[in-house]
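Here is the naming used below: chain letters follow the sequence lines, and residue numbers restart at 1 for every chain.
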Number of protein chains: 2
Amino acid sequence: MCAESVNSQDIITADIVKKIDRLLSSKKKVTINDVADVADVSKKTVSRIINDSQNVKDETRKLVKEVIRLLHYTPDPQARALASRKSFLVGLVYDNPNAQYVVNMQMGILDYLRSNGRELVVHPCDRNNENLVDEIRDFVERQKLSGVILLPPLAEDKRLINLMIELDVPYVRITARRGNLTEPPLIGAQVISIDRVGCEAAGNHLARAGHKNIGYIGGNLLYPSAHERRAGFEAGLLSEGVKINPQFDEPGDYSFETGYLAALKILKQHNRPTAIIACNDEMAAGVYKAAYELNIAIPNELSVVGFDDAPLSARLTPPLTTVRLPTRDMGRNAAQMLVEIDNKGLVEMVFPSDLIVRGSTKGF
Amino acid sequence: MCAESVNSQDIITADIVKKIDRLLSSKKKVTINDVADVADVSKKTVSRIINDSQNVKDETRKLVKEVIRLLHYTPDPQARALASRKSFLVGLVYDNPNAQYVVNMQMGILDYLRSNGRELVVHPCDRNNENLVDEIRDFVERQKLSGVILLPPLAEDKRLINLMIELDVPYVRITARRGNLTEPPLIGAQVISIDRVGCEAAGNHLARAGHKNIGYIGGNLLYPSAHERRAGFEAGLLSEGVKINPQFDEPGDYSFETGYLAALKILKQHNRPTAIIACNDEMAAGVYKAAYELNIAIPNELSVVGFDDAPLSARLTPPLTTVRLPTRDMGRNAAQMLVEIDNKGLVEMVFPSDLIVRGSTKGF
DNA sequence: CTGAAAGCGCTTACAG
DNA sequence: CTGAAAGCGCTTACAG
């Protein structure tokens, strides 16, 4: 294969073409030295161009870029990492039980990183491991990560945030917006989901359908999401003058099991509610199980709402009305923030959630 | 912090301790040069020990290892990669719709890699992308991967297998055992799941429960798993003299939708079967939906069996009887094979699947 | 705007 | 069994 001889760029001389052809046919790896040699500049100049430095004459830049293209040169990431003490690896740190969420996030992050010559190194961990902080410190330092993305609930862990600051590594936290403004100001870059918006729509949807006797199964109150979602559901109901029935207001922890047990408790009572809001789809699936056992028909006798749009939710019978978070979009934007934005100061991006109405909710 | 002065190893002299203390308090990164200097050997010798070379005197090895320990030295992965043209990164290449499978596999792979100073770089891709091969070639070459793990169905892709051989990179394929021995001999290292075993148990379970009129919804026949599973189900039934009713033998493609449509078709007939075997849980969930709409009670009027033990399966009402693959174990062992075993020749590990009986199956 | 020199922290190839 | 030298492919720090 020879360098396209019909070259529109008259900056590429016959001499250069000859050099390129020789390199290409030698089958050896093309390095910065080859580019420098062919373009007749120093490798420092090539380095400047690779790293988007401004201090290069336009003409020089154009020539070098063309040579890079013709040689199919890509800089060696390990060599760059060694010299600059920064790798082109991004770490994804999480401890999360929801596989779909993790996979969607990975896809979104990679949507962006791919265009950027970076790779994603996954690092699931155990938030109850007492060596968590040291272990993550090792990970970041050894791999000289160019950035870290923290998923909830680890993104809320003060120890990890402090670690990122101590290591001076760019990081982006994926979090849910707190309604509670008495919280200390948020630290570092964040991609924030607003669980509240979709929940408000869901509450409104139920209230408008005529439901007045409404049960509630809460999320794990240690997570901001549980508070946010509740605030949203309540606001949506209240806009139509409806409140959660305190008689059927049960705690939960986002697990199928607590959803099931809470629903059993609620549904066994004689004036049982006509709708139950569960703080996530897992628990909503627990409500389905309880309803099934008690022979209560969804949606005819009971409407159910969840949160997450888990794969599960569309597979339930009837399919579950739920709230969706744009997880993949959030991942893509988190990666972009990490790479493009200097991490000093506050940076945030906000993503609302959406109500998805399916077959589990019905009016009278 | 000073090096433990009460040192049981009399090889560590006071002089060495002093040097170590000075290094540790300097806060600079500890390198191979420091280790060599403290142990009074060449850095080549330290390198031999890091890389488990045999040609080192026991005494020397012991001393150097102790110095490494006291200095908390860890070799720089990027420097090693640059010098040896091999990184300490393992690539996970897949194109798979099932999030739980991917996440379990990642966990298993990391179970092993963690103990090994290696990291996992994830690389989801699109098998219909015409640049697939070139794109993966770039990935492997640029990152100088020390190994690649291929998940199904990409693990069956001849183009990728040839690519791995061409690049001479160690690789392990995760595959399902084919029953068909006319297939060409299997290439390279493999971690093989035997879908057949669990399916046979499932078929047997149904037949022993007294089912004689049995419907079947197949998997995507492009994947070996679809054939394996069918062979297993049939063998299990046949051991009790039962066969799939050809009248209710429907194709499917592993999607919820095809499961649903096939089940509708089957269940609308007047002599409908008392049990349906679906080739995976997604399709089994489709059967639930169809049964619900047709007002057919599971398991009282219809038993259902799936495959995967997806998170979904335990959440369905009633919970689904299904077959489980030891995904995480497979991942751990794949990583171990990749790292420990020279990739020449055939190497395989086999993992059987298990029947998990839950509430969706019932006798008469 | 550009470059020569030194160095990042290892391993390779060779020698003894 | 051990080591001195060169080199992997880049960037840094400095100079002009």
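Atom NZ in K28(B) sits about 11 Å away from atom C1' in dG7(C), given to the nearest Å. Across the protein-nucleic acid pair, R142(A) atom CZ and dC10(C) atom P stand 11 Å apart, rounded to whole Å. Look at CG on D37(A): it is 12 Å from P on dA4(C), rounded to the nearest Å. Regarding L23(A), its CG atom lies at a distance of 13 Å from the P atom of dG9(D), rounded to whole Å. Rounded to an integer number of Å, the gap from CD1 of I32(B) to P of dT11(C) is 5 Å. Distance CG (N55(A)) to P (dA15(D)): 18 Å, rounded to an integer number of Å.
Side-chain atoms of R127(B) do not come within 3.5 Å of backbone N or O of C125(B) as any donor-acceptor pair. Without hydrogens or angle criteria, D157(B) side chain to R159(B) main chain gives a donor-acceptor distance under 3.5 Å.
Within the structure, a side-chain polar atom (N or O) of T60(B) is placed less than 4.0 Å from OP1 or OP2 of dT2(D). The phosphate of dT11(C) has OP1 or OP2 within less than 4.0 Å of a side-chain N or O from S47(B). For T45(A) and dT2(C), the shortest distance from a side-chain N or O to OP1 or OP2 is not below 4.0 Å. Close to dG3(C), at under 4.0 Å from its OP1 or OP2, lies a side-chain N or O of S42(A).
Residue-level contact check: D76(A) touches the backbone only, with heavy atoms under 4.0 Å from sugar-phosphate atoms and none from bases. Counting any heavy atom pair closer than 4.0 Å across all strands shown, K57(B) reaches sugar-phosphate atoms only and no base atom. Here N33(B) lies out of heavy-atom contact (under 4.0 Å) with every strand. Among the atoms of the strands shown, only primed sugar atoms or phosphate atoms (P, OP1, OP2) are found under 4.0 Å from some heavy atom of Y73(A). Backbone-only contact: K29(A) has heavy atoms under 4.0 Å from sugar-phosphate atoms and none from a base.
Nucleotide dG3(C) has dC14(D) as its partner under the Watson-Crick or G-U criteria, with both atom distances under 3.5 Å.
DNA chain D is contacted by both R48(A) and R48(B); R48(B) maps to the nucleotide lying nearer its 5′ end (nearest heavy atom per residue). Positionally, the nearest nucleotide of DNA chain D for K43(B) lies more toward the 5' end than for the other of N51(A) and K43(B).
Residues I32(B) and I50(B) are in side-chain contact: their nearest non-hydrogen atoms beyond the backbone lie under 4.5 Å apart.
Donor-acceptor pairing under 3.5 Å, judged by distance alone, is absent between the side chain of R85(A) and the base of dG7(C).
No salt bridge links R142(A) with E119(B); every basic N to acidic carboxylate O contact stays at or beyond 4.0 Å.
Residue R328(A) forms a side-chain hydrogen bond (donor to acceptor under 3.5 Å, both in side chains) with just one option from N333(A), N104(A), D111(A), and that option is D111(A).
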